[in-house]
Amino acid sequence: QAQAETGLTKVGIVNLPPEESGYRQANVEDMNTVFSKANGYDAKQTNTMDNSEQIAAAKGYIRDGVDYLLISAANASGWDDTLKSAKDAGIKVILFDRAIDTAPANYQAALLSDMAYEGKKAVEWVLGLGLPKINLILIRGQMGSAAEIGRSAAVLEAAKAGKLNIVADGTGGDSWSLEEARKVVEAAIAAGKDFNVIYAQNDGMAQGAVQALQAAGISHGKGGKVKVIGFDFNRFALRNVQAGYWDADMQCNPRQAAEISKWIKSGNIPSGVIYQEELLLTTETITDELIDKWGINADPGKGVITR
Amino acid sequence: MASANILKQKARLSNSNILFLIAAVIFVLMYLFAIISYPASFMQFQTFFDLFNLNAPLLIMTLGLCIVMIGGGIDISIGSVCGLITMACAVYLQSESGSIGGAILIALGIGIAFGILQGYLIAYLEIQPFIITLSGLFLAQGLLTTLHKDPINVTMPAFVRLRDFEFVITWLGTRNRLGVFIPCEIKPGTVLVVILLVILASLMKWSRFGRNVYAVGGNMHSALMLGVNVKRTIFITYVISGLTAGIAGFVYIMTTGAGNVGNAAGAEMKAIASAIIGGTLLNGGVGNLLGAPIGTLTLLVINELIRAAGVQSNFQAMVSGLLLYFFIVLQSIIMSLRDRKSIKLTLPPWLKLSDKQQVPSNQ
Amino acid sequence: MLSETILEMTDISKSFPGVKALDGVDFKLRKGEIHALMGENGAGKSTLIKVITGVYEKDAGLITLQGESIHFKTPEEAQNKGIGTVYQEIMLCPNLTVAENMFIGRSHTALVNWKQMNEKAAELLASLSIPASPTQELSSCSIAVQQMIAIARAVDMDCKILILDEPTSSLDEDEVHKLFALMRQLKERGVGIIFITHFLEQVYEISDMITVLRNGKLVGEYETSALSQFDLIAKMLGNELEDISKLKKHEPVASDSTTPVFECIGLSSSKGVRPFNFTIQKGEVNGFAGLLGSGRSESVRAIFAADKVTGGEVKIHGKRVKIKTPLQAIQHGIGYLPEDRKDDGIIADLSVRDNIILTLQVMKGFFKPLSLKQAQAFAQEYIEKLNIKTPTPNTPIKSLSGGNQQKVILARWLLTHPEYLILDEPTRGIDVGTKVEIQKLVLKLASEGMSLTFISSEIDEMLRTCSHLIVMKDRQIVAQLRGTELTENDVMNVIAQGGKNTCAK
Amino acid sequence: MRKVIKNVSHLVLPLSVLTLLVIINLIKGADYFYITMVNGALYGNIPNILFGASELVILSIGMTLVTAASRGQDISIGETATITSAVFVLYVLQAQEVTLLTIVIGFLLSCVAGLLLGAFNGTLVSVFKVQPMVASLILFTGGRSIAFMIDGKLSPILANDLSNKIGTVIPGVPIQTPIILTVLFIVFVAVVFKTTTLRLYVESVGINPNAARLNGINPKKIIFITFLIMGFCSAVAGFIAVNKAGRHDSVNLLKLIMMDAILAVAIGGNSLGGGKFSISGSVIGAYTIEMLNRTLLRLEIDPAMIKVFKAVFIIILMVVASPVVRLYISRTMDKIRAWRSAAGRAPIPTTRAAGKKEQ
Ligand SMILES: Nc1ncnc2c1ncn2[C@@H]1O[C@H](COP(=O)(O)OP(=O)(O)OP(=O)(O)O)[C@@H](O)[C@H]1O
Ligand SMILES: Nc1ncnc2c1ncn2[C@@H]1O[C@H](COP(=O)(O)OP(=O)(O)OP(=O)(O)O)[C@@H](O)[C@H]1O
Ligand SMILES: [Mg+2]
Ligand SMILES: [Mg+2]
């Protein structure tokens, strides 16, 4: 219907705000660029962290009569009612990045980042380092957030199985804070903890952890005592890995828009959940092309490390 | 003999009423503007009902907070307490022994417990409310993650029925994209908001306690000298705010059906903003509970306007700040014009909350 | 003759950091007695009251109410036991209505019956002819009205004991008489009344007994009829007072023909004073006379630009100047001691020293702070000059007695050596000794060339000091009286006639 | 001795809280105060605390002034700092070669931005009489997206050598640069207070704006100035923070720091209702908060429970230091003394408890 009037496909996007994280900034930007007028879309995007505001926005788009409703939900639950009324109105719902806890019949498709997979892959890397004994500092993100739960699970499981030893377990707080992460490592150093791996659940916190190591004069990175892994594929992080200043970075891919757009354009939308393939890059596997292709945010340039 | 005729009586509106009036008028104007600019969205009754349906918890919390603020205090723990309650209820409802009655008790119990703890520390040990309720915020958030940190979707059948329950107004509604008639729906939470609004507004207006809150907020020292039990009054305001946070917590889970770390996060800032926009001063003594929902609705309509206008993502926060700016400045300009007596504002008597019928002073 | 004792206090002591406010004081109040509590500023009168009503906790001593030992922890308890109190600093809630202020904290029903309350309040207001409506917000009432409301509240209580701490300080004669009539009624009913005031005539008019405090110690309890005014003063001050009648007015140093120090033409303010003209010469003392609410304060506030000036022009030494803010007024050598000490005068939490030097500091400028030593020296100087009772210059002003706070504000302005100083009710709440001191000071300053405006609710004080009286009625100047031999009658006549003629004597 | 006690009487609250924390830390391990040299700089718990708290200290100074004069709090300080540091980074990154001059100009530009933002809040509060929390709500809501736009929607990296030195150490100087900058800032503030009448004006306005106005102080101007100062403090804090991080992160830089800053002001013994204030109290309060956070880590508390412990700690500290409890303790001490001297021991002079209800 709507398509007929303007020739544009009407899309309503309900997303989290760019203020949430660097990942989200990239994600929101990606949505904006792909679902543009130039590409044949009449898209509106609402960005809010609040579940009820998200639902209100979704209902608004349903009332506006969009053709597609794209949702990255702040809360996994409470959506049933909304999704049903979308269905009743013949609107196709596609979830991206974040899952919603509901019957699969309530939405068309979901293109998600699998946080548990990310965690598993990262822990595999840690276990495969060949260290005689793994003493790991775990630096979590905001407690209870999807990323924290997924990325912590694998570590905790491995610790339970006796494959590694968590010597310090801290959090960067609700803002995934560099400073807080730094404090976690400083506290571990002050307590005389012996550790050889830092598992920080995003790049900023990994950076904070490395700052603490630097200040304490502890070696890290390629050939160093402490192995450092971060998450998210910020370009500065990848450059640090490339320079051997850090050891690895795990991807969390914010670019779902192109794929979804492809589905819409082809009129061939898969059903059910589809997970995006995500990479883990180490000092060995990293290349300029990969950084360029997959990295997010500013690139400090080859050879530049952040402290 | 001499002084009686010197002065004519000025029937001046009290600050509480004037601020409420301004908020109400600006809100109505804004809504009219919204209807004219985006009729597709705002002409529908469901849009209006959804403001309540989806935000009942915030509206309820704001009421309690408003009372605390009128008493000269502040409670920034409410959002987190509400969040904690959703998780506690979810954990309980998903457990073997879960029942809805029990969940309600848990919700109210936690809310009141927070209220009592904070109220005691603030009223009787005279510690600054900001520190205590900030600790309360930390405490609630910490207890939440300690209790359970993964999201829980409550699947208990009785609860799911409650969650999906809604009052349907069959004669009011709209047609959706496919031309199907969708009747308006009202959630139980909305009804609760109205009931609580009536109860609490009456409490503030017609009960001794309510008037004592105004007195304490206006001038704590004087209130003490006038024989008001200041400490108990302050204490009770925090208990009420804990209680409303408890109710809000239950309404929250009744709406979304899940416990989650992020539930009601940051609601305290929104509630404070709502209360202030609705005409309650942070310094205490001035405020009007009827204004509280108006404040909240104002914020929500701003959101809906931004959505309907399709503001670009990166500018949404800025635009929302800007609209807030206009609202606030407008409010302040009207206030100052009134202080300069360049405009006259009167309120119909039935709306006045703090001074009722004009009894002529017989001189 | 002496009836049954209802309240007995023995050996009461109370210290604050740095002062012993009460030191072993005994006090006795009998049924149906009006008992005046007298003493200089800072003698401990208010403290004694607050000890009774549970605002302060006593350090030592015993209080019995009708034979029963009591120990109130809050004013609420005292009120419940039938003790009604009007405190020196009016203690009401500005954001509540008049009616609410009269009934709050008193009713014990859970609900408020607005209609009934407003009716009762209206009755009470009418019976005391207080010009206020029950539904008006208290903050829109003048201090005098607020004071009346506070009294009405206390009086209306079904109390055994009524305590009035300087209730008459901002009332005019009429109101005072109404109050006295009321006190007599209550006395008939057997209520014991404690009455504090600095007006000796009032004490002699109404009281049966007098208890005198000095420096926190009991001097003695006397029957009013057996104590001459002279003796009373001697007991209060500990020495004898100079005869007030010896005070002599000074004529302005310069004659009328020279340009006045200050002149305003058609001045009006946002608070509603009608445009008025006014001049004052070098070394002249003038005064604004009029009834309560006649606009005296508003006029001087307009001169100082304390309220927003809405029209008129101002000349200083014949030169037109712009005075739109108090700062400009100060910079042009005008000083203003406000009538509302609590709201406009003191900076409650700041020390006596900072309160004294405040305006001087402002005049010196933002980048020239006085050194602590200088400030200390200034403060010390004026504490001694005005005999301000304070433990140290560092004490917060709010812990000074009311009268001493007033002296601090006076010191603040004297320190700036203004050319023209406006004193709005400087003698309110000030003890007899100091009152005389202040009047002497006013005359002395005038003789040194300062021009002053002196407003007082006691006309004789003005008559004693002013050589030019400006009579106001309904916020309008109705007459200007000049001459050194004015009498109270002249003034009253002018007010009564509405001031059709401007006479000079 | 007496004089010293008198001079710090307003610091009783923050100092006692700090002392309690030190005791807890010492119980946990006597090595708490150990300081070593690492790579030519001092290293240990104390330097870490001083380093970590730099931004908070600076912000809480501004917050103290705003609170004192306007009787309310600025909740947009983190956002202001994010915007100002974005300006700084923007300027530095466009430079061909980063010299000291570039940094200084960048810093000055960020200060200008800070003053403008402070003026924005200050105008709302002083001219439009908006309550500070609401006035600053506007920037709080929109600030980060402004910074994001300044960043060009990226998180730029500040990888030059000078920034590195500002954020860590200057070779040859044994103390980390942020600590030095903080100390310099505190000295600067002290000089401002020494050479101006700011304190007297701010306190007068905060306690009784009416009276202040009648004595020639313009309350609007003073409130406005405190917001300007707040903006300046935010700019300095943002400068330190971004150089510490080496990267501008418009999302998380100094996020939610206003809570800590307000808490620091309150722990510093200042009333959040305005009036008399103590900068030294707030500074100690800020360090106390930093220490508290680190104490929780030192006690190795499960991250899920860390906020519970933080809350319990704050509550206990505040209860112990609350006026009511202090009064109760001093009363009890008096009683014990009285009882002892009555029992015939050597008489000990009593300290009298002050009147409790008079504020
Ligand atoms: N809260 C307080 N803290 C410290 N000192 C106080 C306090 N209240 C009163 N004082 C001191 O106690 C003494 C007695 O004060 P009080 O107010 O009782 O005097 P007063 O007789 O009522 O004087 P006035 O006639 O001026 O009202 C004064 O020296 C005063 O400075
Ligand atoms: N009896 C009254 N009832 C209500 N308002 C009054 C009354 N008296 C004065 N006011 C108001 O309070 C202000 C007092 O006027 P102003 O202070 O100039 O009078 P005054 O002659 O100085 O009397 P006062 O003895 O009260 O100082 C005016 O705004 C007036 O409207
Ligand atoms: Mg007194
Ligand atoms: Mg007057």
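Residue with the most contacts toward chain D among A:Asp174, A:Val304, A:Val28, A:Ile305: A:Asp174 (heavy-atom pairs, distance under 4.5 Å). No other option in A:Ala190, A:Gly301, A:Ala216 has as many heavy-atom pairs under 4.5 Å with chain D as A:Ala216. Of the residues considered (D:Arg247, D:Arg298, D:Lys255), D:Arg247 shows the highest number of contacts with chain A, using heavy-atom pairs under 4.5 Å. Listed options A:Glu180, A:Glu29, A:Arg24, A:Gln214 were ranked by heavy-atom pairs under 4.5 angstrom with chain D; first place goes to A:Glu29. The candidate from A:Pro18, A:Gly173, A:Gly170, A:Ala188 with the greatest count of non-hydrogen atom pairs under 4.5 Å with chain D is A:Gly170. Of the listed residues (D:Leu296, D:Val169, D:Asn48, D:Asp302), the one with the most heavy-atom contacts under 4.5 Å to chain A is D:Asn48.
For chain A, the nearby part of D:Ile301 is the backbone; its heavy atoms alone come within less than 4.5 Å. Heavy atoms of A:Arg182 lying under 4.5 Å from chain D belong exclusively to its side chain. Interface residue A:Ala187: only side-chain heavy atoms are found under 4.5 Å from chain D. Heavy-atom distances place the side chain of D:Phe51, and not its backbone, under 4.5 Å from chain A. With a 4.5 angstrom heavy-atom cutoff, D:Leu158 touches chain A only via backbone atoms. Heavy atoms closer than 4.5 Å to chain A are found in the side chain of D:Asp31, but not in its backbone. Within the 4.5 angstrom heavy-atom criterion, atoms from both the backbone and the side chain of A:Val184 approach chain D. Interface residue D:Ser163: backbone and side-chain heavy atoms are both found under 4.5 Å from chain A. Looking at D:Asp249, neither its backbone nor its side chain comes within 4.5 Å of chain A, counting heavy atoms on both sides. At a 4.5 Å heavy-atom cutoff, the contact between D:Lys307 and chain A is made by side-chain atoms alone. Interface remark: D:Ala41 contributes no atoms to any contact with chain A (heavy atom separation under 4.5 Å). Using a 4.5 Å cut-off between heavy atoms, A:Leu138 does not touch chain D at all.
A salt bridge is defined here as a Lys NZ or Arg NE, NH1 or NH2 lying under 4.0 Å from an Asp or Glu carboxylate O, and A:Lys183 with A:Glu186 fails to meet this definition. Taking a cutoff of 4.0 Å between a charged side-chain nitrogen and a carboxylate oxygen, A:Lys193 and D:Glu300 qualify as a salt bridge. Ionic pairing of A:Lys302 and A:Asp288 is present here: one or more N-O contacts between side-chain nitrogen and carboxylate oxygen are shorter than 4.0 angstrom.
At least one donor-acceptor pair closer than 3.5 Å links the side chain of A:Gln54 to the backbone N or O of A:Ser72. Looking at A:Asp30, its side chain never comes within 3.5 Å of a backbone N or O of A:Ala26 through a donor-acceptor pair. With hydrogens and angles disregarded, no donor-acceptor distance shorter than 3.5 Å links the side chain of A:Glu148 to the backbone of A:Arg140. Put simply, the side chain of A:Gln251 never gets that close to the backbone of A:Phe231: no donor and acceptor are under 3.5 Å apart.
Both tests do not hold together for A:Lys44 against A:Phe35: distance to the six-membered ring centre under 6.0 Å, angle to the ring axis within 45°. Under the 6.0 Å distance and 45° angle rule, A:Lys293 does not count as a cation-pi partner of A:Phe233.
Considering A:Asp203, A:Thr306, A:Asp299, A:Asp249 as possible partners of A:Asn234, the one that fulfils the side-chain hydrogen bond (donor to acceptor under 3.5 Å, both in side chains) test is A:Asp203.
Here the two rings, on A:Tyr245 and A:His220, have centers that are under 6.0 Å apart.
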